[in-house]
Peer 1: 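Next up is a structure, given as structure tokens.
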Amino acid sequence: MIDTKDDLEALGWELTAAMVRVCEALGAYRSPRGEGGGLYLIFKSAGWAS
């Protein structure tokens with residue numbers, strides 16, 4: 001396990017990974033944000049737009 005005591009981005013990824021596993025999702029994405037903070041999204045399905 002990664003030491004996330006002072007690293008909020010690493011903590012965000014750790015929690016997102018747990019959520020991906022619990023929700024049986026396909027993966028996760030972190031959107032770039034200029035004002036700080038983080039927005040972590042999980043996706044449960046993927047497909048081509050038609």
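What's counted below: heavy atoms across the whole structure, side chains too, no hydrogens, waters or symmetry copies.
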Peer 1: Under the side-chain contact (heavy atoms from CB on, under 4.5 Å) test, which residues partner Leu15, sequence neighbours left out?
Peer 2: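 If we apply the side-chain contact (heavy atoms from CB on, under 4.5 Å) test to Leu15, skipping adjacent residues, the hits are Leu11.
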
Peer 1: To the nearest 0.5 Å, what is the distance between CD on Glu9 and OH on Tyr40?
Peer 2: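 The CD atom of Glu9 sits 4.5 Å away from the OH atom of Tyr40.
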
Peer 1: On a heavy-atom basis, which atom in Leu26 and which in Ala46 lie closest, and how many Å separate them?
Peer 2: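 Heavy atoms of Leu26 and Ala46 come nearest at CD1-N, 3.8 Å.
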
Peer 1: Between Ala25 and Phe43, which heavy-atom pair has the shortest distance, and what is it?
Peer 2: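 Shortest heavy-atom separation between Ala25 and Phe43 comes out as CB-O, 3.3 Å.
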
Peer 1: Could you grab the distance from atom CZ of Arg21 to atom CD1 of Ile42, nearest 0.5 Å is fine?
Peer 2: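 One gets 14.0 Å once the value is rounded to the nearest 0.5 Å.
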
Peer 1: Side-chain heavy atoms nearer than 4.5 Å, only ILVMFWY residues, links allowed to pass through others: does that put Tyr29 and Leu39 together?
Peer 2: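 Tyr29 and Leu39: one cluster.
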
Peer 1: For Val20 and Gly27, which heavy atoms make the closest approach, and how far apart are they?
Peer 2: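 Where Val20 meets Gly27 most closely, the heavy atoms are CG2-O, 3.7 Å.
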
